[in-house]
Amino acid sequence: MNELIAALIVLCYAFATGIFYVLSCLEKPVWPLMRNPDSESADDRDARFVHQALQRLIPLLPPTMVTTTLTGLVLLLLQSWQRDFDRPSLIVLVFFLIMISYLFSRLRGCIKGVSQVPHDGDIAGVRNGTGRLAALHHTGLFTMIGVLLLQFFLIIG
């Protein structure tokens with residue numbers, strides 16, 4: 001049973017990693033906006049295009065990712081319980097809890113920064129919202145890859 005839970009955890013977080021990777025690729029033209037919304041390295045047309053694409057994905061991705069991450073959390077808790085809360089399982093679980101808490105604390109504001117600003121509206125708002133959401137997506141990508149690596153090296157190893 002332990003192997004099944006470990007495999008389901010890998011499957012769950014691999015799926016989440018894939019979603020964040022695709023978002024990262026979509027957002028590549030606006031990566032400079034993550035650190036500086038006024039960056040001249042990102043074209044305004046690209047910012048508007050990515051912003052519009054994100055607006056279309058907002059109704060789909062947050063519910064999918066919440067379901068995926070909650071399923072992953074349940075699996076991580078089950079894994080820790082099955083392993084009597086040993087150090088490796090707690091490391092994976094605590095890493096995920098810290099990172100997902102950070103992501104969820106910023107998620108609503110970042111989504112509003114894209115969903116409530118028209119893609120053809122004020123360019124400063126478009127660039128700021130797009131950059132903030134792209135940065136959060138990168139943090140999500142780091143989190144999911146981190147869980148996968150910890151799972152492989154500490155649990156499956």
Closest contact, heavy atoms only, Leu93 versus Ser80: CD2-OG, 3.8 Å

Over 12 non-hydrogen atoms of neighbours within 6.0 angstrom of CZ in Phe153: no

Atom pair CG (Leu148) and SG (Cys12), whose distance is rounded to the nearest 0.5 Å: 9.5 Å

Hydrophobic cluster membership, Leu97 vs Leu78, 4.5 Å side-chain cutoff: yes

Closest non-hydrogen atom pair, Met65 against Ala16: CE-CB, 3.6 Å

Residue pairs involving residues 99-130 (criterion ring-ring contact (aromatic ring centres under 6.0 Å, His included); sequence neighbours excluded): none

When the side chains of residues 1-10 are checked against the rest of the protein, which donor-acceptor pairs come out under 3.5 Å, sequence neighbours left out?
none

Spatial distance of atom CG (Leu136) from atom SG (Cys110) [nearest 0.5 Å]: 4.5 Å

Short side-chain to backbone donor-acceptor contact, Thr139 and Ala135, under 3.5 Å: yes

Closest contact, heavy atoms only, Ile58 versus Pro63: O-CD, 4.2 Å

Pairs flagged by ring-ring contact (aromatic ring centres under 6.0 Å, His included) wherever residues 16-60 is involved - sequence neighbours left out: Trp31-His138

Sequence neighbours excluded - side-chain hydrogen bond (donor to acceptor under 3.5 Å, both in side chains) pairs with any residue from residues 56-77: none

Salt bridge (Lys or Arg N to Asp or Glu O under 4.0 Å) partners of residues 98-126, not counting sequence neighbours, each pair once: none

Joint hydrophobic cluster, Leu141 plus Val22, side-chain heavy atoms closer than 4.5 Å: no

Partners meeting side-chain hydrogen bond (donor to acceptor under 3.5 Å, both in side chains) with Arg45 (sequence neighbours left out): Asp43

Check: Tyr13 and Leu76 side chains under 4.5 Å, non-hydrogen atoms: yes

Selection residues 128-137 - residue pairs positive for side-chain hydrogen bond (donor to acceptor under 3.5 Å, both in side chains), sequence neighbours left out: Glu27-His137

Non-neighbouring partners of Arg83 that pass salt bridge (Lys or Arg N to Asp or Glu O under 4.0 Å), sequence neighbours left out: Asp86

Nearest atoms (heavy-atom pairs only) where Pro32 meets Ser39: CB-OG, 3.3 Å

Counterpart residues, side-chain hydrogen bond (donor to acceptor under 3.5 Å, both in side chains), relative to Gln79 (two or more places apart): Gln151

Side-chain heavy atoms of Val126 within contact of Val114, under 4.5 Å: no

Steps toward side chain to side chain contact (heavy atoms under 4.5 Å, CB included) verdict (Ile111, Leu54): CA-CA 9 Å; Ile111 287 175; Leu54 291 172; over 6 Å; no

Residue pairs involving residues 90-100 (criterion salt bridge (Lys or Arg N to Asp or Glu O under 4.0 Å); sequence neighbours excluded): none

Contacts of type side-chain hydrogen bond (donor to acceptor under 3.5 Å, both in side chains), residue Asp44, not counting sequence neighbours: Arg127

Cluster check Val74, Ile155: I/L/V/M/F/W/Y, side chain < 4.5 angstrom: no

Gap separating the CG atom of Leu33 from the CG atom of Asp46, nearest 0.5 angstrom: 9.5 Å

Value rounded to 0.5 Å, distance of CG in Leu61 from CG in Leu57: 5.0 Å

Closest contact, heavy atoms only, Ala42 versus Pro29: CB-O, 3.8 Å

Common cluster, Ile98/Val92, ILVMFWY with side-chain heavy-atom separation under 4.5 Å: no

CG-CZ distance between Leu75 and Phe96, expressed to the nearest 0.5 angstrom: 10.0 Å

same_hphob_cluster(Ile19, Leu73) at 4.5 Å side-chain heavy-atom cutoff: yes

Residues forming a salt bridge (Lys or Arg N to Asp or Glu O under 4.0 Å) with Asp38, sequence neighbours excluded: none

